[in-house]
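In what follows, a single structure is set out as structure tokens and then discussed.
All values derive from a computational prediction rather than experimental measurement.
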Amino acid sequence: QVQLVESGGGLVQVGDSLRLSCAASGRTFNSYAIGWFRQAPGKEREFVAAISWSGGLRYYVGDSVKGRFTISRDNAKNTVYLQMNSLKPEETAVYYCAATRSDWSQVTRQYTYNYWGQGTQVTVSS
């Protein structure tokens with residue numbers, strides 16, 4: 001069993017940065033890959049980034065975030081981070097972290113994630 005709690009969201013201006021945290025409880029945290037997803041108003045939840053259990057593999061949704069977002073983890077602290085730079089208004093959303101033990105090839109697929117946090121709101125104002 002893994003429980004996830006996101007934090008670090010807030011209201012920022014275009015071009016600002018935020019670092020989201022995903023704190024986990026559970027002794028098996030370091031055996032899970034962690035993904036970040038977001039859901040904008042009126043839209044479906046989408047994949048943003050994922051990191052493998054060791055931190056050795058990272059995957060991002062695409063060119064829209066690559067180079068601006070960085071996912072990392074500290075297994076000693078049971079925490080995964082999402083550093084977001086140069087934020088855009090269209091990235092306003094609720095950001096969720098989730099845990100999975102599925103094959104790395106499936107990390108973008110929401111249905112493979114077993115545990116989810118409650119989400120943290122990110123609002124980028126223009």
Can you confirm whether [X] sits close enough to [Y] that some side-chain heavy atom of one is under 4.5 Å from a side-chain heavy atom of the other?
X: L20; Y: V122; value: yes
X: R45; Y: Q110; value: yes
X: V5; Y: Q3; value: no

What closest approach, in Å, do [X] and [Y] show between heavy atoms, and which atom pair accounts for it?
X: A99; Y: L4; result: N-CD1, 3.7 Å
X: T79; Y: S21; result: CG2-CB, 4.2 Å
X: W36; Y: V80; result: NE1-CG1, 3.7 Å
X: L11; Y: S125; result: CD1-CB, 4.0 Å

- Query: Do you know which of T100, N114, T28 makes side chain to side chain contact (heavy atoms under 4.5 Å, CB included) with V2?
  - Reply: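 Result for side chain to side chain contact (heavy atoms under 4.5 Å, CB included) with V2: T28.
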- Task: Using a cut-off of 6.0 Å, state whether more than 12 heavy atoms not belonging to Y60 lie near its atom OH.
- Result: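 Counting neighbours around OH of Y60, more than 12 heavy atoms of other residues, nucleotides or ligands fall under 6.0 Å, so yes.
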- Query: For atom CD of Q83, is the number of surrounding heavy atoms from other residues, nucleotides or ligands below 6.0 Å larger than 12?
  - Reply: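 Yes, the 6.0 Å shell around CD holds more than 12 heavy atoms from other groups.
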Cluster link [X] to [Y], ILVMFWY, side chain under 4.5 Å:
X: Y32; Y: Y81; value: no
X: L57; Y: L82; value: yes
X: W104; Y: I71; value: yes
X: M84; Y: V14; value: yes

Is it the case that the side chain of [X] and the backbone of [Y] share a donor-acceptor pair, with hydrogens and angles ignored and the cut-off at 3.5 Å?
X: T92; Y: V124; value: yes
X: N75; Y: W53; value: yes
X: Y113; Y: S102; value: no
X: E6; Y: T120; value: no
X: S86; Y: R68; value: no
X: R58; Y: I51; value: no
X: Q106; Y: D103; value: no

- Message: Once you measure the plane-to-plane angle for F37 and W116, does it fall in the parallel (<30°), tilted (30-60°) or perpendicular (>60°) bin?
- Response: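 Geometry flag for W116 against F37: tilted rings.
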Nearest 0.5 Å please: distance from the [atom1] atom of [X] over to the [atom2] atom of [Y].
X: F69; Y: S17; atom1: CZ; atom2: OG; result: 9.5 Å
X: F47; Y: R38; atom1: CZ; atom2: CZ; result: 10.5 Å
X: I34; Y: C97; atom1: CD1; atom2: SG; result: 6.5 Å

- Message: Taking the cut-offs as 6.0 angstrom to the six-membered ring centre and 45 degrees off its axis, would you call R73 and F29 a cation-pi pair?
- Response: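 Because its charged atom sits under 6.0 Å from the ring centre and within 45° of the axis, R73 does stack over F29.
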